[in-house]
Peer 1: 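Input: one structure, supplied below.
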Amino acid sequence: MAPGLSVLIPVFNWNVNPLVEALLAQGGDWPGPVEIILLDDGSREEFRVLNRPLAAWAGVRYRELAQNVGRAAIRNQLVAATQHQWLLLLDNDSLPPDAHLLARYAAARTQAPVLIGGTSYAPTQPADAALHLRWLYGREREARPAAVRQLAPHGQLTINNALIRADVLTRYPLDETLNGYGHEDTALGLALARAQVAVVHLDNPVLHAGLEPAAVFLQKSEEAVRNLAQMHHHPGDATESRLLKTAGQLHRLGLAPAARHLLKTLAPILRRGLLSPCPRLAHLDLLKLYWLLVAQSRRV
């Protein structure tokens with residue numbers, strides 16, 4: 001029997017009709033049955049009204065939760081709702097760049113139990129200055145070719161645009177203890193690295209269409225750094241980031257308290273620059289280092 005595919009999309013305050021329509025048009029490119037499962041995670045009513053008609057579409061299942069359960073829990077619930085062999089995890093604000101996303105995944109599915117397609121961003125800066133930081137970060141830090149991501153396959157794992165065998169996600173569910181935004185995929189990558197589950201990166205990106213204003217992105221970034229600190233990384237872990245390595249060096253040299261004090265003084269200046277129309281990612285790196293050092297000091 002041909003392997004089935006479940007496309008799993010957590011929905012939160014977003015119109016997913018264009019994404020679902022684009023995916024249904026590609027369903028014939030997968031060599032087996034295809035279903036799309038949508039689980040609304042406590043969206044505002046205006047978005048639920050837009051998305052509810054999808055429940056009547058052939059090949060689509062749509063359900064709403066009464067309240068938000070979070071990024072990891074919603075995806076674990078989606079995994080539990082499927083019986084197909086392959087799962088494609090997509091964020092609701094993604095869009096296929098062309099008509100061949102599923103065809104490329106179908107051709108590559110024998111390479112590994114975990115395939116990561118990547119993310120792309122529009123080539124031109126958005127007109128809204130509040131979106132410049134998120135666009136710049138995406139272009140410079142997230143839109144990496146597969147060859148670069150494959151240099152650290154588990155550390156570059158993302159749960160947006162990931163094709164994963166169902167038995168893998170059932171055995172290694174996302175960590176629901178991480179509160180707020182960020183690093184569920186980092187924790188999954190660490191678990192898969194320790195279990196020696198192969199991860200292969202592909203040049204099969206989706207377009208990230210939902211850019212957050214800089215203030216929202218900074219808030220999410222701070223939450224993500226706190227989650228990173230919570231994960232108890234050890235030097236040499238397959239998912240150890242440059243941020244963790246920098247903080248580790250400061251601790252080993254006994255410079256962490258001084259660096260934390262200096263960065264606390266600079267933090268308001270760094271934040272103002274990041275909220276400006278011309279943000280610099282170096283300022284975001286320093287602000288993240290400050291957040292991490294603060295989080296680590298509270299865990300001592």
Peer 1: Checking the side chain of Arg149 only, and the main-chain atoms of Leu202 only, is there a donor and an acceptor separated by less than 3.5 Å?
Peer 2: yes
Peer 1: Between the main-chain N or O of Leu174 and the side-chain N or O of Asn76, is there a donor-acceptor pair closer than 3.5 Å?
Peer 2: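 Yes; at least one donor-acceptor contact below 3.5 Å.
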Peer 1: Would you mind checking if Asp40 and Arg48 are paired as a salt bridge, meaning a charged N to carboxylate O distance below 4.0 Å?
Peer 2: yes
Peer 1: Under a plain distance cut-off of 3.5 Å, with no hydrogens placed, do Tyr105 and Asn161 share a side-chain donor-acceptor pair?
Peer 2: yes
Peer 1: Show the nearest heavy-atom pair for residues His132 and Pro277, with the distance to one decimal.
Peer 2: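 Answer, listing the atom of His132 first, then Pro277: ND1-O, 2.8 Å.
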Peer 1: Roughly how far, to the nearest 0.5 Å, is the CG atom of Leu65 from the CD atom of Gln77?
Peer 2: 5.0 Å
Peer 1: So does Glu46 have more than 12 non-hydrogen atoms from other groups sitting under 6.0 Å from CD?
Peer 2: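 Count over threshold, so yes.
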Peer 1: Please say which of Leu19, Leu95, Asp91, Asn160 ends up in a side-chain contact (heavy atoms from CB on, under 4.5 Å) with Val206.
Peer 2: Asn160
Peer 1: Do you reckon Val114 sits in the same ILVMFWY cluster as Val79, going by side-chain contacts under 4.5 Å, direct or chained?
Peer 2: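 Yes, it is one cluster - the side chains of Val114 and Val79 are joined through contacts under 4.5 Å.
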Peer 1: Is any side-chain N of the basic residue among Glu142 and Arg134 closer than 4.0 Å to the acidic one's carboxylate O?
Peer 2: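 Yes, this pair counts.
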Peer 1: Return yes if some donor-acceptor pair links the side-chain N/O of Trp135 with the main-chain N/O of Ala122 below 3.5 Å, else return no.
Peer 2: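 Flag set: sc Trp135 to bb Ala122 pair under 3.5 Å.
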Peer 1: Distance-only, no hydrogens or angles: does the His154 side chain make a donor-acceptor pair with backbone N or O of Val197 under 3.5 Å?
Peer 2: yes
Peer 1: Please say which of Leu274, Leu284, Leu218, Leu270 ends up in a side-chain contact (heavy atoms from CB on, under 4.5 Å) with Pro279.
Peer 2: Leu274
Peer 1: Using the ring of each side chain (for Trp, its six-membered ring), is His208 parallel, tilted or perpendicular to Tyr121, with breaks at 30° and 60°?
Peer 2: perpendicular
Peer 1: I'd like to know if the side chain of Thr82 and the backbone of Leu78 have a donor-acceptor N/O pair within less than 3.5 Å.
Peer 2: no
Peer 1: Using modelled atom types only, decide if a donor and an acceptor are shared between the side chain of Trp30 and the backbone of Pro3 within a distance under 3.5 Å.
Peer 2: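 Indeed, once roles are kept as given, a pair shorter than 3.5 Å links the two residues.
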Peer 1: A side-chain contact here means heavy atoms from C-beta on lying under 4.5 Å apart; do Lys264 and Leu262 qualify?
Peer 2: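 Heavy-atom side-chain distance check fails, nothing below 4.5 Å.
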Peer 1: I'd like to know if Glu184 and Arg75 make a salt bridge, using a cut-off of under 4.0 Å between side-chain N and carboxylate O.
Peer 2: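 Answer for the salt bridge query: no.
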Peer 1: Do any N or O atoms from the side chain of Ser6 and from the backbone of Leu8 form a donor-acceptor pair under 3.5 angstrom?
Peer 2: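 No: the side chain of Ser6 does not pair with the backbone of Leu8.
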Peer 1: Can you confirm whether more than 12 heavy atoms, excluding those of Arg52, are under 6.0 Å from its CZ atom?
Peer 2: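 Counting other residues, nucleotides and ligands, CZ of Arg52 exceeds 12 neighbours.
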Peer 1: With rounding to the nearest 0.5 Å, note down the distance linking OG in Ser221 to OH in Tyr137.
Peer 2: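 Separation between the atoms: 6.5 Å.
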Peer 1: Answer yes or no: does atom NE2 of His251 have more than 12 heavy-atom neighbours from other residues, nucleotides or ligands under 6.0 Å?
Peer 2: yes
Peer 1: Working to the nearest 0.5 Å, report the span between CG of Asn204 and CZ of Arg104.
Peer 2: 4.5 Å
Peer 1: Looking only at heavy atoms, what is the nearest atom pair of Leu102 and Gln26, with distance?
Peer 2: N-OE1, 3.0 Å
Peer 1: Give me the one residue out of Asn68, Val11, Asn13 that meets side-chain contact (heavy atoms from CB on, under 4.5 Å) with Asp41.
Peer 2: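 Per the side-chain contact (heavy atoms from CB on, under 4.5 Å) rule, the option paired with Asp41 is Asn68, out of Asn68, Val11, Asn13.
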Peer 1: For Gln85 and Arg165, test the side chains for any donor-to-acceptor distance below 3.5 angstrom and give the result as yes or no.
Peer 2: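 No, because no side-chain N or O of Gln85 sits under 3.5 Å from a partner of the opposite role on Arg165.
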Peer 1: Above 12 or not: heavy atoms from other molecules or residues under 6.0 Å from CD of Gln125?
Peer 2: yes
